[in-house]
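Worksheet: one structure, shown below.
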Amino acid sequence: MEKFEFYLTDSLEKVFPDKKPDVMKEHTVISVLRGEGFALQLVYGKVRSGSESRQEFYYEIKGNPVKARVRDVELVPSAFPCYEKVDDNYLTTTPGLFPDLLKPRKDNRITPLPGQYRSLWIDFPDTENIEGGSYPIEILIWQRQAPPEDSSSKEICQEKIQEEKIICRLPFLLEVSDVRLPEQTLIHTQWFHCDCLANYYHTDVFDEEHWKIIENQMMLAGRELGINMLLTPVFTPPLDTAVGGERRTVQLVDIFLRGSRYIFQFEKLRRWCMLCKKHGISYLEIPHLFTQWGALATPKIVVDINGVKEKKFGWHVPAQSPSYREFLEQFIPALQEELENQGFDRNHIYFHISDEPAAEHMESYEGAKKVTADLLQGWKVIDALSDFHYYEKGLVANPVVANNHLEQFVRHGVKDLWVYYCCGQYDRVPNRFFAMPSARNRIMGVLMYLYRIKGFLHWGYNFYNSQFSKEAVDPFFDTHASYAFPSGDAFLVYPGKDGEAWSSLRGEVQREGLCDLQALYALEKLVGRERTEEIIYEGESGPFTFEHYPVDREYFFRLRRRIADELNRNGFR
């Protein structure tokens, strides 16, 4: 007899096909604030029995106060899941198939595969308009039964048929607080790569098809994944580009040179700004004004010179070239004025000098900064770095610090810190690689609260290129930028069919971490910072740092339960 399994597990479980996942306890309570989405997984599997028959089942969600969304958790290959050096908080170090892609589904049918565990991602994205309280929810699994042969009795037997087809009932309790989840205060950017979208979908840059695809990925970022700042390619960003090479031109500003005067047309930039505001992007990030890893040269900027488009600036023009300074003297003020006209004032615009300068680049970085210092006076400038001396010398007043180098900045009392991680943060600190447990991703919310982090940056929202952008890759097959970065680093979302944007398990878990962050701020407002920290550390070995934190995923459910209990004690249901 064939045996089929159906049960629930939490959103932090990664369901591999060859390993039975943990089972969520019956009548588990999920605690959220009003306006906060939540998710869990329906696991299904078929024990091998020697039979080749494929059977279909169906699910139904009952008692839910808001509409549920269901997606398949698809397996994605990784031939490079991690570096040689790892810590003991990895799920596996072996290449293989990893659960990550969340693919939209068309119906409520489930077809278990022989000897495999799979899961459905079930989320309830919006509890904004429901009253606080407890909601018993039940997921029914049923199998379609053939009606009686006597067609005249079909209607009479319908109730009996309905009862007979139920395979199992999977209950849980949703508890919604009357306290509303506060609006996100963290500034959150994941670098948006327009050229990768044009390459993958084979579109012309900024044609109507490209704009549709851009908007879909913007919408997913801003409305669902808590990304409220977007890298805005006023010129092609000088990022992940081989020295002497170039990425496909994506330049929102049309530039003309007539004699010594530059003329700027901002129509495409205005469209970009309109889409950002439409989808909840309230901050814009201007590409780096100099090349990556040293600020030695200028970014690629295409200019129409007497009717001919030329690559006026790029690797062939030194960073401190007088011609580039002359260009910036005209471009930056015009850009700043236009952005303010579009509703993005200087508190919502961030500029960059150069990304990730190392100790040996200090002289060139300092020279590049001097080129722009007067033009950026009074505007916000941030750069990702690890070397404290850049801050100590006053070269970077607002550093975005790698999470494995943050402690030195904290010890020196640096305020309004930003944090990032990328491929280099693989030992002990939080990250989002395929091979890491989801709890290692989600813990960033709690840590950013404890460290009073102002902003979070990641370089890979949709980077579908090889390292240094030497060629485009298929992100459904090559998840590691051609063996450059462990899978999970280069992109957070997938390019779906017909220009759709498909989310990932990692993206959803990261959003849960952002909800944890805002829930802690909501609690702090009611009971104070000291009591909130006591609740964070209750039963744990503290204090937490970016290298010492709970690795047990149950910690998050205990924490959210404690937050709910504290709210109840303070008069909130």
Side-chain angles (χ1 to χ4, degrees), residues 10-16 39 41 73-78 80-83 85-87 89-93 96-102 121 186 188-193 217 220-221 224-227 240 384 400-404 406 418-448 453 455-464 475 478-481 484-494 501-517 546-547 549-551 553 555-556:
D10 59 67
S11 60
L12 298 183
E13 178 75 44
K14 289 191 176 182
V15 180
F16 290 86
Q41 296 179 80
V73 182
E74 294 285 4
L75 302 172
V76 182
S78 172
F80 183 43
C82 59
Y83 294 116
K85 181 181 179 181
V86 295
D87 56 43
N89 192 20
Y90 280 74
L91 295 171
T92 180
T93 59
L97 296 173
F98 289 77
D100 190 60
L101 167 63
L102 300 185
W121 186 271
L186 181 81
H188 178 197
T189 181
Q190 307 249 342
W191 285 346
F192 198 98
H193 301 276
Q217 293 219 352
L220 177 59
E224 294 195 30
L225 300 183
I227 295 169
D240 300 283
V400 183
V401 185
N403 64 1
N404 58 336
L406 196 69
W418 286 52
V419 68
Y420 81 95
Y421 55 68
C422 63
C423 59
Q425 286 62 57
Y426 55 84
D427 184 21
R428 291 172 290 176
V429 294
N431 211 316
R432 68 182 202 196
F433 298 166
F434 283 7
M436 292 177 173
S438 287
R440 190 164 176 169
N441 179 350
R442 183 166 172 174
I443 193 63
M444 281 295 289
V446 174
L447 293 175
M448 289 190 294
I453 295 297
F456 174 74
L457 178 152
H458 195 284
W459 75 280
Y461 180 68
N462 52 10
F463 184 76
Y464 311 138
D478 183 339
T479 56
H480 41 69
F485 318 116
S487 296
D489 185 45
F491 57 86
L492 193 65
V493 301
Y494 292 82
W502 290 349
S503 189
S504 66
L505 185 151
R506 293 167 297 119
E508 300 299 317
V509 167
Q510 180 173 267
R511 178 195 55 78
E512 291 181 330
L514 297 177
C515 289
D516 293 339
L517 172 63
F546 279 87
E547 294 187 355
Y549 50 84
V551 297
R553 72 175 191 270
Y555 167 77
F556 299 98

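Nothing here was measured: the structure is a model prediction, and the numbers come from that model.
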**Prompt:** With under 30° as parallel and over 60° as perpendicular, where do the rings of His458 and Phe456 fit, or are they tilted in between?
**Reply:** tilted
Considering all heavy atoms of both residues, which atom of [X] and which atom of [Y] are nearest to each other, and what is their separation?
X: Ala384; Y: Tyr420; answer: CB-CE2, 3.8 Å
X: Phe546; Y: Pro430; answer: O-CD, 3.3 Å
X: His188; Y: Gly226; answer: ND1-O, 2.7 Å
X: Ala435; Y: Pro81; answer: CB-O, 3.8 Å
X: Ala481; Y: Phe463; answer: CB-CE2, 4.4 Å

Any chance you could measure [X], atom [atom1], to [Y], atom [atom2], to the nearest 0.5 Å?
X: Gln217; Y: Ile227; atom1: CD; atom2: CD1; answer: 10.0 Å
X: Asp516; Y: Tyr555; atom1: CG; atom2: OH; answer: 8.5 Å
X: Tyr421; Y: Asp489; atom1: OH; atom2: CG; answer: 9.0 Å
X: Arg432; Y: Ser504; atom1: CZ; atom2: OG; answer: 7.5 Å
X: Leu91; Y: Cys82; atom1: CG; atom2: SG; answer: 11.0 Å
X: Arg511; Y: Arg506; atom1: CZ; atom2: CZ; answer: 15.0 Å

**Derivation and outcome, side-chain contact (heavy atoms from CB on, under 4.5 Å), residues Arg442 and Glu508** = CA-CA 9 Å; Arg442 183 166 172 174; Glu508 300 299 317; over 6 Å; no
**Prompt:** Ignoring hydrogens and geometry, is there a side-chain-to-backbone donor-acceptor pair from His480 to Gly488 under 3.5 Å?
**Reply:** no
**Tyr494: which of Thr479, Asp100, Asn462 passes side chain to side chain donor-acceptor pair (under 3.5 Å)** = Asp100
**Prompt:** Would you say the side-chain atoms of Asp10 and Gln41 include a donor-acceptor pair closer than 3.5 Å?
**Reply:** no
**Message:** If we count only N and O atoms by modelled type, under 3.5 Å, do the side chains of Asn404 and Gln425 hold a donor and an acceptor together?
**Reply:** yes
Heavy-atom check, side chain of [X] versus side chain of [Y], under 4.5 Å:
X: Ser438; Y: Lys14; result: yes
X: Leu97; Y: Val76; result: no
X: Leu101; Y: Trp502; result: yes
X: Pro99; Y: Phe434; result: no
X: Val401; Y: Val419; result: no
X: Leu505; Y: Val73; result: yes

**Item:** Ion pair check, Asp87 and Arg440, cut-off under 4.0 Å
**Value:** yes
**Request:** Verify side-chain contact (heavy atoms from CB on, under 4.5 Å) between Leu225 and Val493, making sure each step is shown before the conclusion.
**Result:** CA-CA 10 Å; Leu225 300 183; Val493 301; 3.8 Å; yes
**Item:** CA sep, side-chain torsions, deciding dist, call: Trp121, Ser503, side-chain contact (heavy atoms from CB on, under 4.5 Å)
**Value:** CA-CA 11 Å; Trp121 186 271; Ser503 189; over 6 Å; no
**Prompt:** Should Met448 and Leu514 be marked as a side-chain contact (heavy atoms from CB on, under 4.5 Å) after you check the CA-CA gap, both sets of side-chain angles, and the distance that decides it?
**Reply:** CA-CA 9 Å; Met448 289 190 294; Leu514 297 177; 4.2 Å; yes
**Request:** Under the ring pair (Phe, Tyr, Trp, His ring centres under 6.0 Å) rule, what do Phe485 and Phe80 come out as? Steps first, then yes or no, please.
**Result:** CA-CA 8 Å; Phe485 318 116; Phe80 183 43; 8.8 Å; no
**Check against ring pair (Phe, Tyr, Trp, His ring centres under 6.0 Å), Phe433 and Tyr426** = CA-CA 9 Å; Phe433 298 166; Tyr426 55 84; 7.7 Å; no
